[in-house]
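If you're wondering where the values come from, they're calculated on a predicted model, not measured in any experiment. Every heavy atom of this structure was used, including side-chain atoms; hydrogens, water molecules and symmetry mates were not. Residue numbers begin at 1 in each chain, while the letters A, B, ... track the order of the sequences.
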4 protein chains.
Amino acid sequence: MNKTKEKIFKAAIKTFSKSGFYKTTMEEIAENAGVAKGTLYYHFKSKDDILEFLIDEGIKILKQEAIEEIGRLNNAVEKLRKIIFVQTNFLYRNHDFIIVLLSQIWGHGEVPRKFREKLYTYLELIENIIREGKEQKLIADCDEKIVAAAFFGMISSILALKVVEDSDEKFNPQDITDSVFNFALKGLQLQ
Amino acid sequence: MNKTKEKIFKAAIKTFSKSGFYKTTMEEIAENAGVAKGTLYYHFKSKDDILEFLIDEGIKILKQEAIEEIGRLNNAVEKLRKIIFVQTNFLYRNHDFIIVLLSQIWGHGEVPRKFREKLYTYLELIENIIREGKEQKLIADCDEKIVAAAFFGMISSILALKVVEDSDEKFNPQDITDSVFNFALKGLQLQ
Amino acid sequence: MNKTKEKIFKAAIKTFSKSGFYKTTMEEIAENAGVAKGTLYYHFKSKDDILEFLIDEGIKILKQEAIEEIGRLNNAVEKLRKIIFVQTNFLYRNHDFIIVLLSQIWGHGEVPRKFREKLYTYLELIENIIREGKEQKLIADCDEKIVAAAFFGMISSILALKVVEDSDEKFNPQDITDSVFNFALKGLQLQ
Amino acid sequence: MNKTKEKIFKAAIKTFSKSGFYKTTMEEIAENAGVAKGTLYYHFKSKDDILEFLIDEGIKILKQEAIEEIGRLNNAVEKLRKIIFVQTNFLYRNHDFIIVLLSQIWGHGEVPRKFREKLYTYLELIENIIREGKEQKLIADCDEKIVAAAFFGMISSILALKVVEDSDEKFNPQDITDSVFNFALKGLQLQ
DNA sequence: TATGAATGAGTCTTCATTCAT
DNA sequence: AATGAATGAAGACTCATTCAT
């Protein structure tokens, strides 16, 4: 990704998350990127194309980070803790990305469907860990697909609802990871 | 809500969930409702107004159902199980609503913020139950806000991702409720 | 064709012939028609659609006039004289139309091809007369298709080149008809 | 005309005739010429300039060929036959040129007017021959301007309508010349 | 209550042209 | 001589909204 394209990329994420995809105009993106409107079209086919590129790129990076961190571990439970941290941390650093993503993946249309497909490639990582954990007798019987969806939705909601709202100082990736890990692994119920 | 207004209301939910709020035109809503475009403006101030009405109505009903079901119970854990069921069941019956909601609540803008405020009135129900459970020594120490957000995101994601995608016959509200309840209360880890 | 559509129709012909199809803006057409830009799109799908409608309509009228006038006659040579007059007269009254038509029918593209197809339905009238004349032993052996194309091109050129250029008072439909008829029937050569 | 300029020239004719002047982009011309977009501007002032150059060049060559061929003859009727052949043959070899020309010379605008002026210098050749023929008592009384326009329109139409459409094997310059000559000199009417 | 023709502000997109290299 | 990234003016088109009937 060359210099100009990256400026556009960053401006687009910021602007989409601030105003939403549809209320964002190409004019605005160009302004925020410090280039002329026509330049956007030199680097991207269309406004839709910017969105797709942005979601592609985001999920790709999230997946890469997850794969790298998980690779070194053997224990499925430890992998889960790690993946919670990676996702939390990534969304914490890129909360604009998660806002854009969450605004675009729902619905019956062709576009949200396409974006969900991309997301699934990430969810599969989680599913695999769950499956592994069940084989290792570390994780209880459950439907991996449901659990993967639950993980994604849980973390994203927490981050998107919270990050957007308050800027609570104690609201940091490590604390959230701990909360979510406890919740997800041990459950809420006192034994 | 009179007959015509209800026709519009239903057409709007269906159309928003199918094409998204922005790609949906007033023309389309009118067509699907079987009325003329002008009629929409007799019953609603604007397109935004239809959306707001629709989200208001949805959250109001979800809350009502939850309050009714929970009212009879004392045990916080049972209340949680119930609320999982109510939300699952509601979203199962009204998956178009959750699609619309999930597409609109994220972002820094004034509109998503307004909708989040409405959602919070529902999340508070969950927070209260958690708090109650902690007092009853049934539920472990945790951050209620985070847990409420987690519950909402978890269930919504499962429903929105699944319902839209496959039409798995065994994918029914009761099974999902059980899965989610087990997951949330006992955690994934084998003891 | 209702009142508004007709206003647009007339403004479009005038504007296209003055500035050419591509240099004409929808704004201009709207101004000349005395309506708002959006109104154009209420009555026509697109700028291309206006052009197509206009060419359809023009050729339809030209054909109707020709058929009406020819119907009463039996002699193929008289029919030819009549058709020369009809075409000359029509183009004289609608010189803006012929300018638009002649600017659009050439080329390998899909659009000019479509317009030529429409024109052919008129040229067939001429071909039939030629064929008839040959059967009646009034007209010499020749290729009808070539002659029909020649007739059309000859008359159109004269009208388009002349009408546009000078406003010669003696330049009237009847005189041109006589010239063309003499030229076409008797040829240039002195016997 | 150097090598690069000629590549551009040829690419331009081909592309203009294929897509029309307005739908043709500088990008396309550059691609078809195998050069970069900027290079077009090294050799031509603008897109309009390419068009003008191309029409200038075409008419210049047509005129040159006509003058050369006619020069050797004395008889006006033979000159006419020759000029029909030259024009037919030229347009047959350069049908892309005639398509471009015919698409650009009509209309009230400044540009088509300018191109018509260029065309007139060719039409004058025909007018002169007619005038000469009348003096030689070989050609009947007629309006030279009208006849010249008729000749041009007739031949161009035949070529442009036919050449573009079918690739009839018997459709060759010599046969067309014969048809047109017979038609123009002796007329259609059986004596 | 309901209609639908008309509106015009707002946007995406195209593309000829420029210019530093 | 040639390149191609960058520009921004211009234009087609959309669509929420209005209003006379």
> NA contact type, A/T25, heavy-atom cut-off 4.0 Å: base, sugar-phosphate, or nothing?
Replying inline: sugar-phosphate
> How close or far is atom P of F/dA12 from atom CG of C/D49, stated in whole angstroms?
Replying inline: 14 Å
> Does D/H43 place a side-chain N or O at less than 4.0 Å from the phosphate oxygens OP1/OP2 of F/dA2?
Replying inline: yes
>> Could you check whether any side-chain heavy atom of C/I59 comes within less than 4.5 Å of a side-chain heavy atom of C/F115, counting everything from C-beta outward?
In response: no
> Just checking, D/K23 and D/F16: is the charged tip under 6.0 Å from the six-membered ring centre and within 45° of the axis?
Replying inline: no
> Closest nucleotide of DNA chain F for B/T24 versus for D/A36: which of these residues is on the 5' side?
Replying inline: D/A36
>> Whole angstroms only, please: what is the CD-P distance between C/E28 and F/dA10?
In response: 13 Å
>> Check this for me: does the side-chain of A/K47 come within 3.5 Å of the base of E/dT11 through a donor and an acceptor?
In response: no
> Phosphate oxygens OP1/OP2 of E/dT1: is one of them under 4.0 Å from a side-chain N or O of B/T4?
Replying inline: no
> Taking atom P of F/dA6 as reference, at what distance in whole Å does atom CD1 of A/I8 sit?
Replying inline: 8 Å
>> In this structure, how many angstroms lie between the P atom of F/dA2 and the NZ atom of D/K3, rounded?
In response: 12 Å
> When you measure from the side chain of A/K7 to the backbone N and O of A/A30, does any donor-acceptor pair fall under 3.5 Å?
Replying inline: no
> Is DNA chain E part of any stem, that is, at least 3 consecutive Watson-Crick or G-U pairs with both distances under 3.5 Å, and where?
Replying inline: E:2-21 with F:2-21
> Given that B/G34 and A/F21 both sit by DNA chain E, which one's nearest nucleotide is further toward the 5' end?
Replying inline: B/G34
>> Looking at B/Y42, I'd like to know whether one of its side-chain N or O atoms comes within less than 4.0 Å of OP1 or OP2 on E/dA2.
In response: no
> Does a distance-only test, which skips hydrogens and angles, find a donor-acceptor pair under 3.5 Å between the side chain of D/K37 and the base of F/dT3?
Replying inline: no
>> Nearest whole Å is fine: how far is F/dG11 C1' from C/D48 CG?
In response: 13 Å
>> Whether B/S46 contacts F/dA16 is assessed here as follows: a side-chain N or O lying under 4.0 Å from the phosphate OP1 or OP2. Is that the case?
In response: no
> According to a strict under-4.0 Å criterion, is C/Y41 in side-chain N/O contact with OP1 or OP2 of F/dT14?
Replying inline: no
> What is the distance from CE of B/M26 to P of E/dG4, rounded to the nearest Å?
Replying inline: 15 Å
> Think C/K14 forms a cation-pi with C/F9, using NZ or CZ under 6.0 Å from the six-ring centre and within 45 degrees of its axis?
Replying inline: no
> Rounded to the Å, how far apart are C/F44 CZ and F/dT14 C1'?
Replying inline: 18 Å
> DNA chain F: A/L40 or C/Y22, which has the more 5' nearest nucleotide?
Replying inline: A/L40
> Taking the six-membered ring for Trp, are B/H108 and A/H95 parallel (under 30°), tilted (30 to 60°) or perpendicular (over 60°)?
Replying inline: perpendicular
> Side chain of B/N2, backbone of B/T4: donor and acceptor closer than 3.5 Å?
Replying inline: yes
> Do B/R113 and B/R116 come close enough that some side-chain heavy atom pair is under 4.5 Å?
Replying inline: yes
>> Do C/L161 and D/W106 make a side-chain contact, defined as non-hydrogen atoms from C-beta onward lying under 4.5 Å apart?
In response: yes
> Rounded to whole angstrom units, what separation is found between the CD atom of D/E27 and the C1' atom of F/dA2?
Replying inline: 15 Å
